[in-house]
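We count residues from 1, following the sequence as given. Reckoned from all heavy atoms, side chains included, excluding hydrogens, waters and symmetry mates. Here the structure is a predicted model, which is why all the values come from computation and not from measurement. Whatever order the structure lists them in is the order used to number ligands and atoms, beginning at 1.
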Amino acid sequence: MRLTGGRRHRAEDTAPRPQTRRPEEEEEEELLEVQLEVSSARPRPWLPTRQDFISRRAMLSSFVRSAFRTKPGVCQTAVRAMSASTSSASASAAGPFTSLAVSRPADAIVHVQLNRPEKRNAMNRAFWSEMVTCFNQIAEDSACRVVVVSGAGKIFTAGIDLMDMASDVLQPEGDDTARNAWNMRKIITKYQETFSVIEKCPKPVVVGVHSACVGGGVDLITACDIRLCTQDAWFQVKEVDIGLAADVGTLQRLPKVIGSRSLVNELALTARKLYADEAKSCGLVSRVFADKEAMMAAALEMAGEIASRSPVAVQGTKINLIYSRDHSVAEGLDYMATWNMSMLQTQDVMKSAQASMEKKSLKTVPYSKL
Ligand SMILES: CCC/C=C/C=C/C(=O)SCCNC(=O)CCNC(=O)[C@H](O)C(C)(C)COP(=O)(O)OP(=O)(O)OC[C@H]1O[C@@H](n2cnc3c(N)ncnc32)[C@H](O)[C@@H]1OP(=O)(O)O
């Protein structure tokens, strides 16, 4: 009984066999043979059927004071630092990353660490552009199949860097209101891209949150595919506390992540902290761990599992899940059919099915880079 690979096999039945065959041809043939054996032993239908505003110090000071209102000492430091930053030029993000530490803890896995622990991984100018560079590189890196994101030091992130960023965000350039607004729009759009790149990256992104995840941190994690946290984690949609409506993803993605619209509204309108247990019960995270070490071990293990699967299957799954989130079921199915009309033709299906039937670990399957 022939369930798969029929067309090519029939052609091989009738065409004269070449004297010398390429290694790929031999491999394909072996796969077909195994499939045929499998197919005749027992039918398996699943087998291969897959930002004027006022540019004055008072305004900026008030902005920072609001953010740090429970920490007067920090507030003074912030105002001083911000006064200095209003006259400084934008830092270039070119060259090695200064806000991120990127490593390869295992084959096919890239670990992106928010790496300004002394500033609680606050998202400074470098961060906003380095993330884009970093994830665009990852998207193009065929040796990377999955990404793990975490924060170095005491907390995951304190959100936007209030000292480094306010001058950029609150002072768009322009000769009049229209031009200011026009440029503000461009700035906001640019910052939105910092997290949208995570979603646009076809490689799945697993994020591990320990301790605090504030403001921009929530924007970041809602663009990730899998969220884990520690028992001491807390999440805060902090933007209303500093006088703005969250504008780089939280208000758009959080309602798609957690089921209760009422809870989303509550969190975004009150800026109350959401602790680990509630984050789990509402679906913001899928798993909670005793500490960061356990969480990171699990994140890497999970990443290893994902990396061992066919990159064609894994990346197609991410892309179609995101498409489906944003479209009707009918549109999603239509997109899926168009997607798989080509992707089902991958040799990975045969390889995976063979490994499955032989009860071999997928880690042993030599999938080609994608
Ligand atoms: C167009 C872009 C749109 C993006 C919008 C994003 C909006 C947001 O992210 S809103 C949220 C802004 N963040 C905050 O309001 C958090 C402020 N920070 C804190 O509340 C505390 O620092 C925190 C609870 C996170 C941690 O407390 P901890 O006691 O552990 O640390 P601190 O002693 O407070 O801070 C240590 C040093 O880090 C600096 N720092 C902390 N947060 C920020 C920050 N958000 N921006 C800049 N710097 C920050 C703090 O000043 C200390 O530095 P130093 O005095 O030099 O030691």
Side-chain angles (χ1 to χ4, degrees), residues 51 53 60-86 88 90-91 98-99 114-132 151-172 180-181 183-197 209-223 232-254 267-275 292:
Q51 178 142 253
F53 276 97
L60 299 177
S61 302
S62 134
F63 177 75
V64 172
R65 213 177 292 115
S66 155
F68 288 98
R69 64 171 174 256
T70 56
K71 286 186 166 274
V74 175
C75 173
Q76 283 156 15
T77 313
V79 173
R80 277 199 303 275
M82 190 141 42
S83 302
S85 79
T86 50
S88 68
S90 291
T98 58
S99 69
L114 314 191
N115 194 35
R116 295 179 72 228
E118 71 290 350
K119 296 292 180 189
R120 305 294 182 261
N121 300 321
M123 300 166 165
N124 62 352
R125 289 182 206 208
F127 169 87
W128 292 90
S129 63
E130 287 177 3
M131 280 286 287
V132 176
K154 196 174 158 190
I155 70 170
F156 179 69
T157 181
I160 194 170
D161 189 315
L162 296 164
M163 305 180 200
D164 192 38
M165 294 293 296
S167 58
D168 199 34
V169 174
L170 298 176
Q171 290 179 287
N180 285 345
N183 291 328
M184 174 64 89
R185 192 179 199 288
K186 285 207 282 197
I187 290 169
I188 296 168
T189 306
K190 182 181 81 176
Y191 288 123
Q192 289 174 341
E193 186 66 5
T194 293
F195 304 130
S196 293
V197 284
V209 176
H210 72 289
S211 187
C213 176
V214 186
V218 178
D219 296 281
L220 188 161
I221 66 166
T222 52
D232 70 348
W234 53 272
F235 305 82
Q236 193 176 21
V237 184
K238 179 81 172 163
E239 283 84 344
V240 286
D241 277 357
I242 64 166
L244 53 100
D247 54 3
V248 289
T250 290
L251 301 187
Q252 293 65 44
R253 295 190 177 102
L254 191 59
L267 295 171
L269 294 171
T270 69
R272 83 155 164 90
K273 294 177 180 176
L274 177 84
Y275 293 94
K292 188 179 178 188

Ligand 1 atoms in contact with [X] (distance to a heavy atom under 4.0 Å):
X	value
Ile242	10 (S)
Met163	48 (N), 51 (O)
Ile155	25 (C)

Original post:
Do Asn124 and Lys119 pass the side-chain contact (heavy atoms from CB on, under 4.5 Å) test, and can you show the C-alpha distance, the side-chain angles, and the key distance before you say yes or no?
Top reply: CA-CA 10 Å; Asn124 62 352; Lys119 296 292 180 189; over 6 Å; no

Polar atom proximity, [X] to ligand 1 (N or O, under 3.5 Å):
X	answer
Asp219	no
Gly159	no
Ala158	yes
Lys154	yes
Gly216	yes
Ala122	no

Original post:
Below 4.0 Å from any atom of ligand 1, is there a heavy atom belonging to Glu118?
Top reply: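 Checking ligand 1 against Glu118, which is what was asked, there is a heavy-atom contact under 4.0 Å.
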
Subject >> Pick from Lys119, Arg116, Gln192: the one approaching atom 56 (O) of ligand 1 most closely through a non-hydrogen atom >> reply: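 That would be Lys119.
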
Original post:
If hydrogens are left out, which of Thr189, Leu162, Ile160, Val240 has an atom nearest to atom 6 (C) of ligand 1, that is, the closest non-hydrogen atom?
Top reply: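 It is Ile160 that holds the nearest heavy atom.
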
Original post:
Quick one: do the Ser211 and Asp232 side chains pair a donor with an acceptor below 3.5 Å?
Top reply: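 Short answer, no.
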
Original post:
Hey, is Arg116 close enough to Asp161 for a salt bridge, meaning N to O under 4.0 Å?
Top reply: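 A salt bridge is present here (some side-chain N lies under 4.0 Å from a carboxylate O).
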
**OP:** Please assess Met123 against Leu220 for the test side-chain contact (heavy atoms from CB on, under 4.5 Å), listing each intermediate value before the final yes or no.
**Re:** CA-CA 11 Å; Met123 300 166 165; Leu220 188 161; 4.0 Å; yes

Under 4.0 Å, heavy-atom basis, I'd like to know which part of [X] is in contact with ligand 1: side chain, backbone, both or neither.
X	answer
Asp241	neither
Asp247	side chain
Asp164	neither

Original post:
Which of parallel (below 30°), tilted (30 to 60°) and perpendicular (above 60°) describes Trp234 and Tyr275?
Top reply: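 Geometry flag for Tyr275 against Trp234: tilted rings.
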
Subject >> Residue pair Glu193, Thr189: steps toward the side-chain contact (heavy atoms from CB on, under 4.5 Å) verdict >> reply: CA-CA 6 Å; Glu193 186 66 5; Thr189 306; over 6 Å; no

**OP:** Give a yes or no answer on whether the side chain of Asn121 reaches the backbone of Ala152 with a donor-acceptor pair at less than 3.5 Å.
**Re:**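 Flag set: sc Asn121 to bb Ala152 pair under 3.5 Å.
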
**OP:** Apply side-chain contact (heavy atoms from CB on, under 4.5 Å) to Leu251 and Glu239, showing your working.
**Re:** CA-CA 11 Å; Leu251 301 187; Glu239 283 84 344; over 6 Å; no

Subject >> Non-hydrogen atoms of Val240 and Ala271 that approach each other most closely >> reply: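 For Val240 and Ala271, the tightest heavy-atom pair comes out as CG2-CB, 3.8 Å.
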
Original post:
Which pair of heavy atoms, one from Ala126 and one from Ser99, lies closest together, and at what distance?
Top reply: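 Looks like C-OG, 4.0 Å.
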
